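Note that the structure is predicted; figures quoted are calculated from it, not measured.
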Amino acid sequence: MNFSLAIHGGAGTLRPEDFPEALAREARAHLHAALSAGAEVLKQDGSSLLAVEAAVKVLEDSPHFNAGHGAVFTHEATIELDASIMDGATLAAGAIAGVQHVKNPITLAREVMLRSQHVFLVGAGAEAFAKTCGVEMVEASYFHTERRLRELRAVQALEASGAKRFGTLEASDLKLPDKKFGTVGAVACDRAGHLAAATSTGGLTNKRWGRVGDCPIIGAGTYADDATCAVSATGHGEYFIRACVASDIAARMRYAGVGLEAAAHAVVNGTLVQLGGKGGIIAVDAKGNITLPFNTNGMYRGALREGEAAFVSIYRDD
């Protein structure tokens with residue numbers, strides 16, 4: 001069968017009038033590069049698991065997305081990174097949270113899945129494990145960008161003004177060119193019909209107290225099962241956790257016999273909206289069908305199916 005691949009780079013208030021064209025052009029180029037990296041694995045009959053890791057690593061290395069090099073700052077002006085990955089063929093999964101020196105968190109999540117007896121490692125323990133695996137480590141300064149520092153100062157100024165309490169800041173309140181809930185992710189179906197999903201993030205700008213969102217939580221931000229679908233989510237993580245978004249989509253397919261498109265739409269534009277949650281997902285099933293629903297103004301996204309041209313987009317009306 002033909003392979004399929006989809007990626008995302010965050011959803012939120014993304015409108016053409018908010019973006020310099022040069023910035024949008026660069027972001028699209030990096031989305032294409034991520035699709036190319038994942039597709040190259042699949043073209044060589046590589047697994048969906050390796051393909052989603054390859055795609056996410058490109059997005060982690062880009063300053064345009066809130067993961068890896070482009071991650072947002074915490075309240076203390078540090079970087080805390082989360083990631084998870086899941087193999088639909090075996091239901092094996094790996095996740096990490098709160099790491100500060102791992103260049104590509106998605107690679108560490110895969111190592112947790114393959115080389116430990118655990119699923120989820122956090123903080124200093126996750127970094128100690130990374131060193132035993134030979135995962136590339138970097139100085140914390142590698143992740144720092146002036147753009148993200150400006151965003152932190154803007155959010156803290158808004159917080160200090162009393163306009164909003166921390167934890168309820170909406171992306172639309174920020175007078176910034178990049179007003180979105182940041183996370184990157186990939187889902188794939190390989191030529192053998194096996195599925196995989198991967199998700200990576202820097203979390204929320206100005207987050208405090210070791211906050212962790214849905215990204216590294218299996219069933220919330222990431223899920224893959226060959227019997228149903230592979231899902232990677234992006235949005236306001238607290239809502240995605242409460243709704244168990246990724247696993248709910250799979251459960252609707254498994255137990256109600258609903259198709260991929262209908263299941264994803266029901267959760268993203270139904271359950272999430274009813275809770276007040278904003279964001280979107282990318283998903284693929286074992287037949288290679290792809291869906292990319294979101295309930296915001298836009299979502300960095302891209303997809304391809306073997307033999308067809310790649311598609312990338314930012315805005316809702318693209």
Side-chain angles (χ1 to χ4, degrees), residues 1-9 28-62 65 67 83-94 104 106-107 109-110 113-114 183-200 218 221-234 246 249-250 253-254 259-264 280-294 299-313 318:
M1 62 178 291
N2 293 339
F3 63 74
S4 295
L5 174 68
I7 59 172
H8 71 76
R28 287 192 179 97
H30 290 193
L31 290 171
H32 272 295
L35 282 173
S36 295
E40 190 58 34
V41 173
L42 296 168
K43 287 176 183 176
Q44 303 301 320
D45 286 329
S47 70
S48 55
L49 189 72
L50 291 176
V52 295
E53 180 191 7
V56 167
K57 285 177 70 174
V58 172
L59 299 175
E60 288 178 336
D61 291 343
S62 169
F65 308 104
S84 63
I85 194 167
M86 188 166 183
D87 183 354
T90 63
L91 300 188
N104 291 109
I106 198 63
T107 295
R110 184 174 65 86
M113 180 184 74
L114 296 177
T183 297
V184 306
V187 295
C189 175
D190 60 32
R191 284 173 173 163
H194 296 310
L195 306 179
T199 315
S200 180
I218 301 302
T222 302
Y223 194 74
D225 180 356
D226 281 3
T228 53
C229 61
V231 180
S232 175
T234 175
I249 293 170
M253 295 179 68
R254 177 184 291 274
L260 177 69
E261 184 81 23
I281 66 99
I282 56 172
V284 62
D285 65 18
K287 295 180 180 179
N289 297 310
I290 296 170
T291 188
L292 314 165
F294 54 96
M299 181 171 76
Y300 289 108
R301 61 201 185 276
L304 64 81
R305 299 181 69 172
E306 187 172 11
E308 300 177 11
F311 156 84
V312 299
S313 187
D318 283 352

Nearest 0.5 Å please: distance from the [atom1] atom of [X] over to the [atom2] atom of [Y].
X      : Y      : atom1 : atom2 : result
Asn2   : Glu308 : CG    : CD    : 8.0 Å
Asn104 : Leu59  : CG    : CG    : 10.5 Å
Leu91  : Tyr223 : CG    : OH    : 5.5 Å
Leu260 : Ile290 : CG    : CD1   : 9.5 Å
Ile249 : Thr228 : CD1   : OG1   : 10.0 Å
Ile282 : His8   : CD1   : NE2   : 4.5 Å

Can you find a heavy atom in the side chain of [X] that is under 4.5 Å from one in the side chain of [Y]?
X      : Y      : answer
Asp225 : Arg254 : yes
Val187 : Leu195 : no
Phe3   : Leu304 : yes

Taking side-chain hydrogen bond (donor to acceptor under 3.5 Å, both in side chains) as the definition, give me every residue that meets it alongside [X], ordered by chain and number, with sequence neighbours left out.
X      : value
His194 : Asp226
Ser313 : Arg301, Asp318
Ser4   : none
Ser84  : Thr222

Subject >> Asp190 side chain to Ser47 backbone, donor-acceptor under 3.5 Å >> reply: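 Not a single qualifying donor-acceptor pair exists.
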**OP:** Carefully, step by step, assess Glu261 and Asn289 under the rule side chain to side chain contact (heavy atoms under 4.5 Å, CB included).
**Re:** CA-CA 9 Å; Glu261 184 81 23; Asn289 297 310; over 6 Å; no
Minimum heavy-atom distance between [X] and [Y], given as atom pair plus value:
X      : Y      : answer
Ser232 : Gly185 : OG-CA, 3.4 Å
Ala310 : Leu35  : CB-CD1, 4.0 Å
Met1   : Glu306 : O-OE1, 4.2 Å
Leu292 : Met299 : O-CE, 3.8 Å
Met86  : Ala93  : CG-CB, 4.0 Å
Ala39  : Leu5   : N-CD2, 3.6 Å

What pairs with [X] under side-chain contact (heavy atoms from CB on, under 4.5 Å), at least two apart in sequence or on another chain?
X      : value
Ser36  : none
Ala67  : Glu60, Val184, Ser200
Ala186 : Ile7, Val52, Ala55, Val56
Val41  : Leu50, Ala51, Ala54

Original post:
Using the ring of each side chain (for Trp, its six-membered ring), is His30 parallel, tilted or perpendicular to Phe65, with breaks at 30° and 60°?
Top reply: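 Rings of His30 and Phe65: tilted, as their planes differ by 30° to 60°.
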**OP:** Mind jotting down which residue pairs meet the salt bridge (Lys or Arg N to Asp or Glu O under 4.0 Å) criterion with at least one end in residues 34-53? Sequence neighbours excluded, please.
**Re:**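 Every pair satisfying salt bridge (Lys or Arg N to Asp or Glu O under 4.0 Å) with a residue in residues 34-53: Asp45-Arg191, Glu53-Arg110.
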**OP:** Name all residues meeting the salt bridge (Lys or Arg N to Asp or Glu O under 4.0 Å) criterion together with Asp285; count only those two or more places apart in sequence or in a different chain, and write none if there are none.
**Re:**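 With neighbours one apart ignored, the set is empty.
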